[in-house]
Amino acid sequence: MGLLDILLGRTKPVVPDLDQLFGLPSAAVTLEAAAGLRPTGSGAVCFAPVEGAVFEQTHREVQALLDADTEREGRPVELTRDSYGYSWLVSRRTPEQLPELVNDLHAVNSAMEVNGFGPQLLCSLAGFEDEQQGRRLALVYLYKRGTFYPFAPLPGAAERRDNALELRVKAALADDLRVEQDLNRWFPVWGAPGL
């Protein structure tokens with residue numbers, strides 16, 4: 001970064017650090033203790049729509065890699081599109097298999113990055129819930145920022161968030177994950193698969 005960049009207020013973009021995803025299992029222990037939230041076993045990687053043979057080949061390779069896991073229980077990895085037009089590669093494991101889910105998310109992100117689709121990667125998320133109180137939460141990893149934030153939709157049809165829970169989770173996870181400090185970047189992921 002040069003002097004002109006400093007004078008004009010330009011900042012150097014954050015380099016994604018996919019290894020931050022491996023902090024999720026320890027964060028899960030903190031989440032359970034602080035808020036009673038346990039992993040659901042579901043997670044997803046979101047990316048901007050991509051067309052073409054190279055992407056299709058990358059998608060098939062990633063899906064074959066993840067589906068080849070003989071210990072996988074439940075549904076296979078699936079590719080879906082949300083109502084906003086974004087693509088999601090969804091992985092489902094048992095709630096006790098959070099480390100394996102994290103490996104899945106890391107593998108998808110890495111494969112997309114290696115094959116030149118890094119700019120299309122938007123976020124990854126892992127789902128958590130408190131069945132007794134009916135609360136759901138996603139820990140969302142922002143690929144381009146290298147940070148996490150909590151997203152807690154309130155039950156019901158209206159798109160409303162549990163802001164108090166999100167702020168409580170932010171404070172609880174300060175020592176476990178690199179939490180996004182700019183609350184304007186805590187984008188809602190309404191209807192995200194894997195949540």
Side-chain angles (χ1 to χ4, degrees), residues 17-46 66-67 69-80 82 86 88-110 122-143 145-181 183 185-195:
D17 180 8
L18 292 176
D19 289 345
Q20 291 295 315
L21 291 169
F22 294 117
L24 283 172
S26 67
V29 174
T30 303
L31 264 182
E32 186 170 2
L37 294 159
R38 297 180 41 86
T40 62
S42 294
V45 176
C46 180
L66 299 181
D67 287 341
D69 184 351
T70 57
E71 293 180 16
R72 178 176 294 281
E73 296 179 17
R75 296 187 298 199
V77 175
E78 63 183 327
L79 180 66
T80 64
D82 66 18
Y86 293 106
W88 294 82
L89 196 58
V90 184
S91 178
R92 290 183 176 81
R93 299 281 189 156
T94 64
E96 297 77 31
Q97 292 181 310
L98 182 59
E100 290 84 353
L101 178 67
V102 169
N103 287 338
D104 292 349
L105 299 176
H106 191 277
V108 171
N109 279 289
S110 296
L122 301 174
C123 68
S124 297
L125 64 83
F128 294 82
E129 67 183 344
D130 178 347
E131 290 180 2
Q132 293 177 344
Q133 295 189 16
R135 296 182 304 176
R136 293 181 302 136
L137 177 109
L139 286 180
V140 182
Y141 175 75
L142 291 171
Y143 178 80
R145 301 277 298 170
T147 56
F148 289 87
Y149 69 90
F151 172 68
L154 285 169
E159 291 181 342
R160 296 182 318 150
R161 297 168 78 163
D162 187 342
N163 296 84
L165 176 60
E166 290 177 358
L167 292 174
R168 208 165 71 235
V169 167
K170 174 188 184 251
L173 295 179
D175 294 333
D176 292 297
L177 298 174
R178 189 183 303 158
V179 178
E180 177 59 51
Q181 297 302 310
L183 301 184
R185 295 194 183 268
W186 289 23
F187 305 109
V189 286
W190 304 116
L195 175 58

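Computed from a predicted structure; not experimentally measured.
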Query raised in the report: Is it true that R92 and E78 make a salt bridge, defined as a side-chain N closer than 4.0 Å to a carboxylate O?
Result: yes

**Report entry** Identified side-chain contact (heavy atoms from CB on, under 4.5 Å) partner of L137 from the options D162, T40, L195, V169
**Finding:** V169

Report summary line: Rounded to the nearest 0.5 angstrom, the OG-CG distance for S124 and N109 is 3.5 Å

Query raised in the report: Do you know which two heavy atoms are closest between A172 and A34, and how far apart they sit?
Result: CB-CB, 3.8 Å

Report task. Report the residues that fulfil side chain to side chain donor-acceptor pair (under 3.5 Å) with Q181, sequence neighbours left out, ordered by chain and then residue number. Result -> K170

Report task. Answer yes or no: is there a donor N or O on one side and an acceptor on the other, between the side chain of Q97 and the main chain of T94, under 3.5 Å? Result -> yes

Query raised in the report: Just how far is it from atom OH of Y141 to atom CG of D17, taken to the nearest 0.5 Å?
Result: 5.5 Å

Report task. For side-chain contact (heavy atoms from CB on, under 4.5 Å), just list the numbers for D175 and T30, CA-CA rounded to whole Å, side-chain angles, deciding distance to a tenth of an Å, and then say yes or no. Result -> CA-CA 9 Å; D175 294 333; T30 303; over 6 Å; no

Query - Any donor-acceptor N/O pair, R185 side chain to R145 backbone, under 3.5 Å - result: no

Requested in this report: Taking all heavy atoms of W190 and all of R161, pick out the closest pair and write down the distance.
Outcome: CH2-CG, 3.5 Å

Report task. Please tell me if the side chains of L165 and P150 come closer than 4.5 Å, counting only heavy atoms from C-beta onward. Result -> no

Requested in this report: Please report the shortest heavy-atom distance between L105 and G43, naming the atom on each side.
Outcome: CD2-C, 3.9 Å

**Report entry** Residues which pass side chain to side chain donor-acceptor pair (under 3.5 Å) with D19, listed by chain and number, not counting sequence neighbours
**Finding:** H106

Query raised in the report: Can you list the residues that meet the side chain to side chain donor-acceptor pair (under 3.5 Å) rule with E129, with sequence neighbours excluded?
Result: none

Report summary line: d(C123 SG, F151 CZ) to nearest 0.5 Å is 10.5 Å

Query raised in the report: Can you tell me how far the CZ atom of F148 sits from the CG atom of L173, to the nearest 0.5 Å?
Result: 9.5 Å

Report task. On the 0 to 90° scale, with breaks at 30° and 60°, tag the W186-Y149 ring pair as parallel, tilted or perpendicular. Result -> parallel

Query raised in the report: Just how far is it from atom CG of L31 to atom CG of L139, taken to the nearest 0.5 Å?
Result: 5.5 Å

Query raised in the report: A192 and L125: which non-hydrogen atoms are nearest, and at how many Å?
Result: CB-CD2, 3.8 Å

Report task. Kindly give the heavy-atom pair with the smallest separation between R135 and A35, and that separation in Å. Result -> NH2-O, 2.5 Å

Query raised in the report: Is there a donor-acceptor contact under 3.5 Å from the side chain of E166 to the main chain of A152?
Result: yes

Query raised in the report: Between R93 and D104, is there a side-chain N and carboxylate O pair less than 4.0 Å apart?
Result: yes

Report task. Indicate the atoms forming the closest heavy-atom contact of P193 with T80, along with that distance. Result -> CG-OG1, 3.6 Å

**Report entry** Spatial distance of atom CZ (R38) from atom CG (L98) [nearest 0.5 Å]
**Finding:** 10.5 Å

